[in-house]
Enquirer: 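Please find one structure pasted underneath; my questions will follow.
Residue numbers start at 1 and run along the sequence shown.
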Amino acid sequence: MAIFDFNDYKAFLKAEVKSRPKAGRGELSRLAEHLDVNATMVSQVIAGDKDFTLEQAKKVCSFFTLSKLDTDYFLLLVQIERAGTQDLKNYFREKRDEMKKESLQISKRITSERKLTDLERSIFYSSSLYSAIYIFSSVDGGQTIEAIIEKFDIPRPRAQEILQFLVSTGMCTLDRGLYHMGQQSTHVEKGSPFLIKHHSNWRVAAIQKSESLSDEELMFTANISLSKKDFAKVRETLVKIIQEISETVKDSPAEEIANLNIDLFWI
């Protein structure tokens, strides 16, 4: 739901809550808990009797994981309502209209072919959680923030931080409270420090997982002695297996997420 379609922050909140799973049932209570206020106060604000403070409004943006640009616009809408004079209201309304035009220009510049910047790559590959949540957003037609928090057992602020990043880069989209895998994808060349960090993240995750491996899961580590000729043969076999796996995964329905680590190197 595009916040720039709204001129009133309360109308946006009503529509945003209603668009959430189960028509937003329990969402206002969760928002009140996030703001550390009574649920009645939140209802009074949305009903039109009161307004959020700017501090509360910023927390509202965090709760709904709004992007930086959306947050700026939301806070501006709050300032319009809180302004004490008509002159100040008109000033903020002019700023609102300017932001609307700016948002249209930005949306035209963004395409699915845009590559991640080095700064964005450094953030994405800083933790395996980014790629895990990115992949998880493809499962079952999208995921709520609550499902993501439960799946990865992380605090809400951490989930919000990652989701804001994924949405802002186009790697995920947010629609009716559900996060979906977006058009954007990642690719880093061999030898890149980002790729090295990516490998490292998931090998550490594999080591941690090895302590609670189920019977249906598989891990294999072996030190072997063999000829250089047979080393090349083993490598070729693994490449073929990887190709077969890639073809299988490409057509497989997204029901769960998994990680595959294959290592072969001289020691």
Side-chain angles (χ1 to χ4, degrees), residues 1-20 24 27-28 30-32 34-35 37 41-117 119-120 123-124 137 142 145 156-157 159-180 182-184:
M1 183 168 299
I3 189 174
F4 289 96
D5 292 337
F6 296 84
N7 290 329
D8 180 271
Y9 80 89
K10 297 175 184 180
F12 166 73
L13 288 179
K14 289 178 184 178
E16 180 66 20
V17 169
K18 188 177 180 180
S19 73
R20 298 271 163 151
E27 201 75 357
L28 293 185
R30 287 188 287 269
L31 175 59
H34 182 72
L35 297 176
V37 298
M41 183 268 184
V42 174
S43 298
Q44 289 175 337
V45 169
I46 294 182
D49 298 333
K50 294 184 178 182
D51 285 298
F52 287 126
T53 65
L54 289 178
E55 291 78 11
Q56 290 170 337
K58 181 63 172 63
K59 286 186 176 181
V60 170
C61 296
S62 173
F63 179 82
F64 288 109
T65 60
L66 300 185
S67 68
K68 184 180 184 304
L69 185 62
D70 288 355
T71 295
D72 290 343
Y73 186 76
F74 185 87
L75 293 177
L76 187 56
L77 294 183
V78 174
Q79 290 180 84
I80 291 174
E81 297 302 317
R82 293 188 61 85
T85 65
Q86 191 61 44
D87 181 58
L88 187 57
K89 283 183 181 291
N90 290 337
Y91 172 79
F92 285 134
R93 283 171 179 160
E94 289 179 5
K95 297 287 290 181
R96 177 198 64 196
D97 294 341
E98 290 174 4
M99 283 198 69
K100 275 194 169 187
K101 292 180 180 178
E102 179 185 351
S103 72
L104 290 175
Q105 293 172 352
I106 290 174
S107 64
K108 289 178 181 178
R109 292 200 302 265
I110 296 177
T111 68
S112 61
E113 299 299 323
R114 184 182 73 85
K115 294 182 178 179
L116 295 181
T117 65
L119 176 59
E120 290 169 340
I123 295 173
F124 183 77
S137 68
I145 186 172
R156 174 177 283 270
Q160 290 170 332
E161 175 189 1
I162 294 173
L163 289 168
Q164 285 174 349
F165 171 83
L166 294 175
V167 170
S168 68
T169 56
M171 299 190 69
C172 285
T173 60
L174 175 59
D175 179 42
R176 302 177 186 274
L178 291 176
Y179 291 89
H180 306 269
Q183 297 290 325
Q184 179 66 283

Enquirer: For residues 78-87, pull every pair meeting salt bridge (Lys or Arg N to Asp or Glu O under 4.0 Å), keeping only residues two or more places apart or in separate chains.
Expert: none

Enquirer: Cut-off 3.5 Å, side chains only: do Glu120 and Thr169 have a donor facing an acceptor?
Expert: no

Enquirer: Can you tell me how far the CD atom of Glu16 sits from the CG atom of Leu13, to the nearest 0.5 Å?
Expert: 8.0 Å

Enquirer: For atom NZ of Lys95, decide whether the heavy atoms of other residues, nucleotides or ligands shown that lie under 6.0 angstrom number more than 12.
Expert: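 No - once you tally the heavy atoms of other residues, nucleotides and ligands closer than 6.0 Å, there are 12 at most.
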
Enquirer: Can you list the residues that meet the salt bridge (Lys or Arg N to Asp or Glu O under 4.0 Å) rule with Lys59, with sequence neighbours excluded?
Expert: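 So Lys59 forms no salt bridge (Lys or Arg N to Asp or Glu O under 4.0 Å) with any residue.
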
Enquirer: Tell me, do Ser137 and His180 make a side-chain contact under 4.5 Å, heavy atoms counted?
Expert: no

Enquirer: How long is the span from the CG atom in Leu28 to the NE2 atom in His34, to the nearest 0.5 Å?
Expert: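 Here the interatomic distance stands at 13.5 Å.
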
Enquirer: Fit a plane to each ring of Phe6 and Phe12, take the angle between them on a 0 to 90° scale, and name the class: parallel (under 30°), tilted (30 to 60°) or perpendicular (over 60°).
Expert: perpendicular

Enquirer: Can a salt bridge be assigned to the pair Asp97 and Lys101 using a cut-off of 4.0 Å between side-chain N and carboxylate O?
Expert: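 Lys101 and Asp97: not salt-bridged.
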
Enquirer: Closer than 3.5 angstrom, by distance alone: can the side chain of Lys10 be matched with the main-chain N or O of Ile46 as a donor-acceptor pair?
Expert: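 Checking the backbone N and O of Ile46 against the side chain of Lys10, no donor-acceptor pair under 3.5 Å is found.
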
Enquirer: Let me see the working for Lys58 and Glu55 under salt bridge (charged side-chain N to carboxylate O under 4.0 Å, His left out), right down to the final yes or no.
Expert: CA-CA 5 Å; Lys58 181 63 172 63; Glu55 291 78 11; over 6 Å; no

Enquirer: To the closest 0.5 Å, what do you measure between OH (Tyr179) and CG (Leu174)?
Expert: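 If we round to the nearest 0.5 Å, Tyr179:OH and Leu174:CG are 4.5 Å apart.
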
Enquirer: Can you check whether Gln86's main-chain N or O pairs, donor with acceptor, with Tyr91's side chain at less than 3.5 Å?
Expert: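 Such a contact is absent between Tyr91 side chain and Gln86 backbone.
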
